[in-house]
Amino acid sequence: MTSRYYEFYCPVKILAGLKALEHLPAELAERDCAAPMVLTDKGVREAGLIKHVEIAFEEAGLSIGPVFDDIPPDSSTDVVESIAREFRERDCDSLIAVGGGSVLDTAKAVNILVSEGGEFLRAYVGAHKLTRPLKPLVAIATTAGTGSEVTTVAVIKDTHKQKKDAFQSSHLMPAVAVIDPRMTLTVPPVITAATAMDALTHAVEAFTCIAKNPLSDAYASAAIKKIVTALPLVLAEPGHTDARLDLAEAATMAGIAFSNSMVGLVHAIGHSLGAVCHLHHGTCMSLLLPYVLEYNFDAIQDDLGALLPLLAGDKAARATPPEERARASIAAIRDLRDEIFDATQLPRSLSEAGKVEKSQLAKIADLSVDDGALMFNPVEADRSDILNILEKAWSLPN
Amino acid sequence: MSIKSKLQRAYVSLMMRIVGRGLAIASRVDSDTAYELQHLPAEMTVAMRVYPNGPCCLLQHTGTDLSYLGVRDSCDADMEIIFKHLQHAWLLYTFQEDTPTAFARNRIVLDGEVHHATVFNRCLSRLMILILPRLLAKRAVKRYPVIALRDKFSLASAIYLRMPFERTRAAL
Ligand SMILES: [Fe+2]
């Protein structure tokens, strides 16, 4: 008898494509909401993206209500708690988050407080602490990468303890995610590349880690194909709306995949690297991915080989003998990384990133072994294994 | 409850007594386990529990070591590793499936902080490596490490010899 078993869950309604934002007023009305609070950051506001949302509501004869645009890149419990107070004072009934990972995570955390009650987030740290549906949250991602619009997790810095707290519950998933090509159009190429590599890593880890299942595989492989095709187009022509939409869709698909199958060692190390050296999460993913795939190689060879047609095209895959396909997949990922470097100077190694000291590597390894993502990596990794990977990722081989 | 379930429950509850006591002893006799435990807050309670009516193995980190608080029908701990069904605990304690696989297959859920669970899982793996014969231990953990037979033997015998005398302590 097979012992196979999996669960798959994605209750998020996804609005994707031309004029997707214009459907928001109707979506809120359907959920009996009339007073949304908009959460965003200064960058998004300055890029004029809130205007698109405002116009969508004006056309429906509505206004978007209070806009909180002061969410820092590294959001904290203080920020969340003060937004929750404002939400209550202004009698809001729903949330619209417009931004990248930090804005979406903040909105999820605010939603915990305004739905569950209480002044402090501390009570809800951890997994499965929420027991009922929260208020409607609309997620409008402006960077195509994190997949946060379809995940059950929020990560927020505890202002007092100076550590990051993770909140996990299926109730944290937004009610609606909007993928509108206008919202990612202004992202600079280097950020586009970094976030796309984050999405690619979500998909590759979802496909190669131990919680993979047939449904997450389908989302992961479709995401990989789209990223590999669309990213070079966007880098060559940043205003390429269709390719931008492809990237945003791929990020959401990769998000759905890893939300159900989890991620592995690339993220375990990447989270710690980001925390210690303040390196962009996507950059961490991009420079670690090939080395971790090599570390996991024996356990993931078949899966990795199966990805070759998506990473390098059908023709190249057919021309590669089966036993060489896994290596060729890693090579294709390295090629993509180098192509991105040529276009955007996105760092390829830890030394190239310029923000990492060799003396920090031990600390990064120490933190990585406590990261939950390690549980789902197909190969066990202890502190010294991780230190080894970091040493390899330090500089490119000549 | 069928006879099969009754037997499974009895077996799981026996294994929980062995594992619970084993972890408590290992926290005192094995430096690796002690090192890992530094990462858990003092007075934190940890449970391995079968949903909905147990058995449930309860432990507490005293700040210096682990206390075994007993196996019961129900418990409420700061961090709980919850088997969604008795059968899943049976799979794990008969070494047919390791903890990461059980997590990956959604057979276990965690109620608590993830990094505490990773620490606890390392203690659990370490215990399996120490007290089980190599062939069984290999199935209970993701990777069987290089360990000198002499170290394994002396730690395993230290744990087994103390097991009959390991008291059920009261919570702090
Ligand atoms: Fe990521």
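Order of the sequence lines fixes the chain letters, A, B, ..., with proteins taken first and strands second; residue numbering starts at 1 for each chain.
- Heavy-atom distances place both the backbone and the side chain of A:Asp382 under 4.5 Å from chain B.
- With chain B as partner, the option from A:Ser261, A:Gly372, A:Ala127 having the largest number of non-hydrogen pairs under 4.5 angstrom is A:Ala127.
- For the pair B:Tyr93 and B:Met16, the minimum side-chain heavy-atom distance is below 4.5 Å.
- Neither the backbone nor the side chain of A:Ala299 comes within less than 4.5 Å of any heavy atom of chain B.
- The cationic group of A:Lys129 does not satisfy the cation-pi geometry with A:Phe167, failing either the under 6.0 Å distance to the six-membered ring centre or the 45° limit from the ring axis.
- Both the backbone and the side chain of A:Met375 have a heavy atom closer than 4.5 Å to some heavy atom of chain B.
- B:His39 touches chain A through its side chain: at least one heavy atom from C-beta onward sits under 4.5 Å away, while N, CA, C and O do not.
- The closest side-chain heavy-atom distance from B:Val50 to B:Cys56 is not below 4.5 Å.
- Side-chain rings of A:His202 and A:His267 approach one another, their centers coming within less than 6.0 Å.
- The candidate with the highest count of non-hydrogen atom pairs below 4.5 Å against chain B, out of A:Val125, A:Val369, A:Asp371, is A:Val369.
- Most heavy-atom pairs under 4.5 Å with chain A, from the set B:Val114, B:Asp111, B:Thr99, B:Asn106: that is B:Asn106.
- No part of A:Ala166 comes within reach of chain B, as not one of its non-hydrogen atoms sits under 4.5 angstrom from that chain.
- Around atom CZ of B:Arg28, more than 12 heavy atoms belonging to other residues, nucleotides or ligands sit under 6.0 Å away.
- With a 4.5 Å cut-off on non-hydrogen atoms, A:Asp385 touches chain B through its side chain but not through its backbone.
- In this structure, A:Phe258 has its ring center at least 6.0 angstrom away from the ring center of A:Phe207.
- The cationic group of A:Arg122 lies under 6.0 Å from the six-membered ring centre of A:Phe120 and within 45° of the ring axis, placing it in a cation-pi geometry.
- Interface remark: B:Glu36 contributes side-chain atoms only to the contact with chain A (heavy atom separation under 4.5 Å).
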